[in-house]
Amino acid sequence: MLTEFLWSMMIFLLAVRIMGVVVRLLTNRAKTQEKIPNQKTMEKEEKAASIEIVQDIVCGNDVPKHKAYQVIRDNEIHYFCSWNCRQKFIAEDRKDL
């Protein structure tokens, strides 16, 4: 009878200990997940700040340089927001010839 009680107490204490570890792990995981979006947000803001913006000379729209269409004329690079603006520039350039 006493040994059964001792075994029951030991199992109970072991279960309480395991539950404490699980709760601690879940709490740490939640704190870690809260920090990750903040770090990602900061990285996105840094990238956004470092993106160079150029202006389309046909329609005047601002475009990130890495997404702009380009034409090189007279050793100068011209940037465009769309393929259509690029084609308009080329067509106007041909009319001048």
Side-chain angles (χ1 to χ4, degrees):
M1 177 90 171
L2 185 61
T3 57
E4 289 177 17
F5 175 75
L6 292 175
W7 275 108
S8 298
M9 286 300 292
M10 193 164 62
I11 291 172
F12 174 76
L13 292 174
L14 184 61
V16 169
R17 175 87 176 192
I18 291 171
M19 297 259 310
V21 170
V22 169
V23 168
R24 198 173 322 122
L25 288 173
L26 291 175
T27 304
N28 288 342
R29 183 176 180 195
K31 287 179 183 177
T32 303
Q33 288 178 346
E34 289 174 5
K35 291 179 185 176
I36 290 173
N38 293 338
Q39 291 172 350
K40 288 181 181 179
T41 303
M42 288 174 53
E43 290 172 2
K44 286 180 183 179
E45 288 174 358
E46 288 174 3
K47 281 185 180 180
S50 67
I51 293 176
E52 187 176 349
I53 302 294
V54 293
Q55 189 173 30
D56 185 326
I57 60 173
V58 174
C59 68
N61 287 337
D62 292 331
V63 183
K65 187 175 183 178
H66 68 279
K67 290 187 177 182
Y69 294 92
Q70 302 175 7
V71 171
I72 299 175
R73 289 285 152 98
D74 300 326
N75 292 327
E76 186 178 345
I77 302 173
H78 302 281
Y79 298 97
F80 306 94
C81 67
S82 68
W83 186 259
N84 291 338
C85 285
R86 180 186 177 276
Q87 293 302 97
K88 285 179 187 177
F89 176 78
I90 292 171
E92 289 175 9
D93 195 38
R94 287 184 184 159
K95 288 179 185 176
D96 293 340
L97 297 176

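Remember, it's a predicted structure, so these values are computed and weren't measured experimentally.
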Q. Between CD of Glu92 and CD1 of Ile57, what distance do you get to the nearest 0.5 Å?
A. 8.5 Å
Let me have the donor-acceptor pairs involving side chains of residues 61-70, under 3.5 Å, with sequence neighbours excluded, atom names and distances please.
none

Q.
Membership question, hydrophobic clusters at under 4.5 Å side-chain separation (ILVMFWY): are Phe12 and Ile18 in the same one?
A. no
Q. For Met19, does the CE atom have more than 12 heavy-atom neighbours from other residues, nucleotides or ligands under 6.0 Å away?
A. no
Q | Shared hydrophobic cluster for Trp83 and Phe80 (ILVMFWY, side-chain gaps under 4.5 Å) | A | yes
Q: Using atom types as modelled and distance alone, determine if a side-chain donor or acceptor of Asp56 lies under 3.5 Å from a backbone N or O of Val58.
A: yes
Q. Side-chain heavy atoms under 4.5 angstrom apart, residues restricted to Ile, Leu, Val, Met, Phe, Trp, Tyr: same cluster for Tyr79 and Ile72?
A. yes
Q: With sequence neighbours excluded, tell me which residues meet side-chain contact (heavy atoms from CB on, under 4.5 Å) with Val21.
A: Arg24, Leu25
Q. If two hydrophobic side chains count as joined below 4.5 Å and joins carry through other members, does Val71 share a cluster with Ile77?
A. no
Q: To the nearest 0.5 angstrom, please state how far the SG atom of Cys85 sits from the CD1 atom of Ile90.
A: 11.5 Å
Q. Roughly how far, to the nearest 0.5 Å, is the CE atom of Met10 from the CG atom of Leu6?
A. 8.5 Å
